[in-house]
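Right, one structure below, let's go through it.
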Amino acid sequence: PFGRFEARLGGEWRDYQFDAVDATGLPPGTLLGDDRNRQAVRGEGQLRYSVWPGYGVFVRGAHTAQDYDVLGPTGINRDSSGYEADLGLN
């Protein structure tokens, strides 16, 4: 905290890896999961101002991204990124 201000930063990185599994149902075979392998990243920050004890206003922003290892089964690039913004009272 800096006087009445409070700042927070955070982030997360995940590596999703799906192995091939044997299918025992009909029809039997192998289910491939390589097309679901991806890395997901999220970073966020928040700035809060205490208005009175126990209450404050805040602004929060985040960026998310997903990067797939291979194109989808139909050849479509499923990589994505986006932003989020919030303003509120807590």
Side-chain angles (χ1 to χ4, degrees):
F2 305 101
R4 291 183 156 202
F5 286 97
E6 180 181 310
R8 294 184 185 179
L9 295 174
E12 177 179 41
W13 176 79
R14 292 188 180 192
D15 185 26
Y16 295 99
Q17 298 294 319
F18 297 91
D19 298 325
V21 294
D22 291 331
T24 57
L26 294 176
T30 301
L31 298 174
L32 301 176
D34 292 346
D35 62 332
R36 299 184 328 169
N37 294 347
R38 65 189 178 277
Q39 292 77 43
V41 178
R42 178 181 175 83
E44 64 182 43
Q46 175 177 306
L47 183 62
R48 181 179 184 270
Y49 178 75
S50 293
V51 179
W52 56 88
Y55 294 93
V57 294
F58 69 90
V59 61
R60 178 173 45 217
H63 178 262
T64 59
Q66 292 195 69
D67 181 25
Y68 283 83
D69 294 350
V70 297
L71 296 178
T74 58
I76 295 175
N77 183 353
R78 297 172 292 157
D79 294 350
S80 65
S81 66
Y83 295 93
E84 299 173 22
D86 298 310
L87 177 66
L89 175 68
N90 63 1

Scanning both residues in full, the closest heavy-atom pair of Gly45 with Leu9 reads CA-CD2, 3.9 Å
Q) Do the rings of Tyr55 and Trp52 sit parallel, tilted or perpendicular, given the 30° and 60° boundaries? A) tilted
Heavy-atom nearest pair, Arg78 first then Gly72, reads NE-CA, 3.5 Å
query: Can you find a pair of side-chain heavy atoms, one from Gln46 and one from Asp86, that are under 4.5 Å apart?
result: no
query: Are Val57 and Phe5 grouped together when hydrophobic residues (ILVMFWY) are joined by side-chain heavy atoms under 4.5 angstrom apart?
result: yes
query = Is it the case that one hydrophobic cluster holds both Phe58 and Leu89, taking links as side-chain heavy atoms less than 4.5 Å apart, direct or via other members?
reply = no
Legend entry - Neighbour count above 12 (heavy atom, 6.0 Å) for Arg8 CZ: no
So NE2 of His63 and CD of Glu84: to nearest 0.5 Å the spacing works out to 10.5 Å
Do the side chains of Tyr49 and Leu47 join up, straight or via other hydrophobic residues, at under 4.5 Å, putting them in one cluster? yes
In this structure, CG of Asn37 is separated from CD of Gln17 (nearest 0.5 Å) by 4.0 Å
Heavy atoms of Asn77 and Leu71 approach each other most closely as CA-CD2, 3.7 Å
> Does Tyr16 belong to the same Ile/Leu/Val/Met/Phe/Trp/Tyr cluster as Trp13, with side-chain heavy atoms less than 4.5 Å apart forming each link?
Replying inline: no
Between the CZ atom in Arg38 and the CG atom in Asp15, the distance rounded to the nearest 0.5 Å is 10.0 Å
Checklist entry - Going hydrophobic residue to hydrophobic residue with side-chain gaps under 4.5 angstrom, can you get from Val70 over to Ile76? => result no
To the nearest 0.5 Å, atom CD of Gln66 lies from atom CD of Gln39 at 10.0 Å
_No-hydrogen, no-angle side-chain donor-acceptor test under 3.5 Å, Arg48 and Ser50_ = yes
For this session: Give a yes or no on whether the backbone of Tyr68 and the side-chain of Asp79 come within a donor-acceptor separation of less than 3.5 Å.
Result: yes
